[in-house]
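Each remark here refers to the structure printed beneath this line.
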Amino acid sequence: MPTEAVVDVGPVAHGGHCVARLDGQVVFVRHTMPGERVRISITERTTSFLRADAIEVIVPAPGRVVPPCEYAGPGRCGGCDFQHVDPAVQRDLLGDVVREQLRRLAGITWAGAVEAVDPEALGWRTRVQFAVDRGGRPGLRKHRSHEIIAVDRCLIAHPDLPVVPGRRWDADTVEAIVSSSGDRLLVTDASISDEVEGEVDGVVAADGTTRGGRGAVTERVGDHDFRVSGSGFWQVHPQAASTLVGAVLEAAQAAPGETVLDLYAGVGLFTAFLADEVGETGTVVSVESDPGGSRDARRNLHDLPQVRLVGETVEAALRRGSLGATADVVVLDPPRTGAKKAVQGIVDLAPRRIVYVACDPAALARDLASFASRGYRLAGLRAFALFPMTHHVECVAVLTKTGFDLR
Ligand SMILES: C[S@@+](CC[C@H](N)C(=O)[O-])C[C@H]1O[C@@H](n2cnc3c(N)ncnc32)[C@H](O)[C@@H]1O
């Protein structure tokens, strides 16, 4: 089979590529858009499909732009997927992906649109982990490869991040972090020069121990401050935390005196705001399995007596019945793999509402189907462009026993 061909590109698919056909076989093509005719170079063959890069655009689609980043494109940095697409059209593509996953995996029709959180699609990423090549240069990996593409700058990186590119590093990785309060941290085992040390508030080793200065940053959302240690979990877009808190509170509709579970709670972002909603007569049970995240949550939530912290996996806590017999509202924000093993345990608590925050629409759709088979139907879903230039999209879904109001 030839390694190059010309194809007409069909719809976008989950993962930052579009679907085309070549001699009856499905080809997942990167660096293209639906409706384009492109020359492709095949990058991978499996028994059921091919992967390819668009290496020449013969007929462009409306919304194609010149990528602002010099490292974007076939065979180059794999950090972004849609640098060649106008940001408004990127949101349309992400909406199509969410729609297709919901339809195919859960039989749900969703007519909503992905919401922008910021008119600017560059300079948003407040946490970037660079890989270091053999020459000590920081870079990002090629798509589906361990190969490191050294970069002198990353356009989606926040301008206030500690500067990693342009310097040599003697460790495998260097993560740069800047918080909403302006704290700057490096997470790395590399030697740190006096110059670099003077530019940051702290340096943390890859194993989480503090090497110098502060070992954590402070993130501020509304009236709440959150300590986040080293590379502990925190949303990377500056607008993400407040956007998701707003969407979660709107979806949860928690009332004073109620019992709410915050599952996969990280350092306690949603827990703090849910605690405000239920007040001192209510209860929020906050479940996080990562020891570092649990430690931070303990410090972040110590002045909220209505919060009970549980430091174990959601699945184990549900299995042991340690989260109580019932709950009024359950909020869950699982990692990319979703919450397949927690669905039955959540349903057993008979909550009035379930609010599912999801960073992977495929895992979300799979779990929504599982909830639906147990009597909880989708009542509303919002999607947010919290990772511009990439194929990632964040959804907030609300489930009830009746289902209504679907957007
Ligand atoms: C997507 S983050 C959400 C964190 C938090 N809701 C926020 O927005 O900052 C998922 C969190 O779940 C935690 N986690 C992963 N698997 C878990 C499990 N099985 N049980 C409990 N927590 C888990 C991770 O450590 C991480 O903090």
Side-chain angles (χ1 to χ4, degrees), residues 117 126-127 177 179-180 187 208 216-222 224-252 254 260-275 277 284-301 307-323 329-346 349 354-364 367 382-384 386-387 392-398:
V117 297
T126 57
R127 292 165 173 257
I177 297 169
S179 77
S180 53
V187 181
V217 296
T218 300
E219 296 284 0
R220 191 155 297 145
V221 187
H224 290 283
D225 279 353
F226 298 88
R227 173 194 159 92
V228 185
S229 295
S231 49
F233 182 86
W234 188 257
Q235 288 282 351
V236 292
H237 194 294
Q239 303 302 322
S242 57
T243 300
L244 293 176
V245 165
V248 165
L249 295 186
E250 177 195 70
V260 180
L261 305 190
D262 181 14
L263 307 181
Y264 311 92
V267 302
L269 172 66
F270 301 146
T271 303
F273 288 90
L274 290 164
E277 300 282 289
V284 182
V285 184
S286 183
V287 187
E288 166 60 44
S289 62
D290 177 61
S294 296
R295 262 195 308 277
D296 284 345
R298 189 151 287 118
R299 290 173 70 152
N300 294 333
L301 305 165
V307 172
R308 179 158 76 87
L309 293 165
V310 176
E312 64 179 324
T313 67
V314 167
E315 303 75 26
L318 287 169
R319 208 172 34 245
R320 291 196 307 108
S322 54
L323 305 183
V329 178
V330 174
V331 175
L332 68 156
D333 183 7
R336 198 160 298 285
T337 46
K340 192 175 176 180
K341 293 195 180 135
V343 169
Q344 184 60 53
I346 293 170
L349 298 169
I354 298 170
V355 179
Y356 192 142
V357 183
C359 57
D360 184 279
L364 171 67
D367 292 345
R382 296 177 69 186
F384 300 98
L386 294 182
F387 313 90
H392 298 291
V393 58
E394 194 84 14
C395 295
V396 178
V398 57

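All values below come from the heavy atoms of this structure, side chains included, with hydrogens, waters and symmetry mates left out. We count ligands from 1, going down the list as the structure has it; atoms in each ligand are counted the same way.
Atoms of ligand 1 found under 4.0 Å from any heavy atom of D290, numbered from 1 in the order shown, are 25 (O). Heavy-atom proximity to L269, at under 4.0 Å, picks out these atoms of ligand 1: 8 (O).
In this structure, T126 contributes its side chain and H237 its backbone to no donor-acceptor pair below 3.5 Å. No donor-acceptor pair under 3.5 Å is formed between the side chain of S229 and the backbone N or O of G232.
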Residue pair L263, L323: steps toward the side-chain contact (heavy atoms from CB on, under 4.5 Å) verdict: CA-CA 10 Å; L263 307 181; L323 305 183; 4.0 Å; yes
Output, in order, the C-alpha distance, side-chain angles, deciding distance and verdict of side-chain contact (heavy atoms from CB on, under 4.5 Å) for E394 and C359. CA-CA 5 Å; E394 194 84 14; C359 57; 3.4 Å; yes
Audit row: F270, V260, side-chain contact (heavy atoms from CB on, under 4.5 Å) steps and yes/no: CA-CA 11 Å; F270 301 146; V260 180; over 6 Å; no
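Under 4.0 Å from ligand 1, the heavy atoms of A265 that appear belong solely to its backbone. Residue-level proximity to ligand 1 for D333 is carried by backbone and side chain together, each with a heavy atom below 4.0 angstrom.
For the pair L261/V287, no side-chain contact is recorded, criterion being any heavy-atom separation below 4.5 Å from C-beta on.
Each of D296, V217, V267 was compared with F226 under the side chain to side chain contact (heavy atoms under 4.5 Å, CB included) criterion, and only V267 meets it.
When only interatomic distances are considered, the shortest N/O to N/O separation between E288 and ligand 1 falls below 3.5 Å. Residue S289 has at least one nitrogen or oxygen atom sitting less than 3.5 Å from a nitrogen or oxygen atom of ligand 1, judged on distance alone. Considering backbone and side-chain N/O of V314, one or more are found under 3.5 Å from N/O of ligand 1.
Considering each of Y264, F233, F270, F226, the one bringing a non-hydrogen atom nearest atom 9 (O) of ligand 1 is F233.
Of the protein's non-hydrogen atoms, the one nearest atom 15 (C) of ligand 1 is P335 CG, 3.6 Å. Of all protein heavy atoms, the one closest to atom 19 (N) of ligand 1 is E315 OE1, 3.0 Å.
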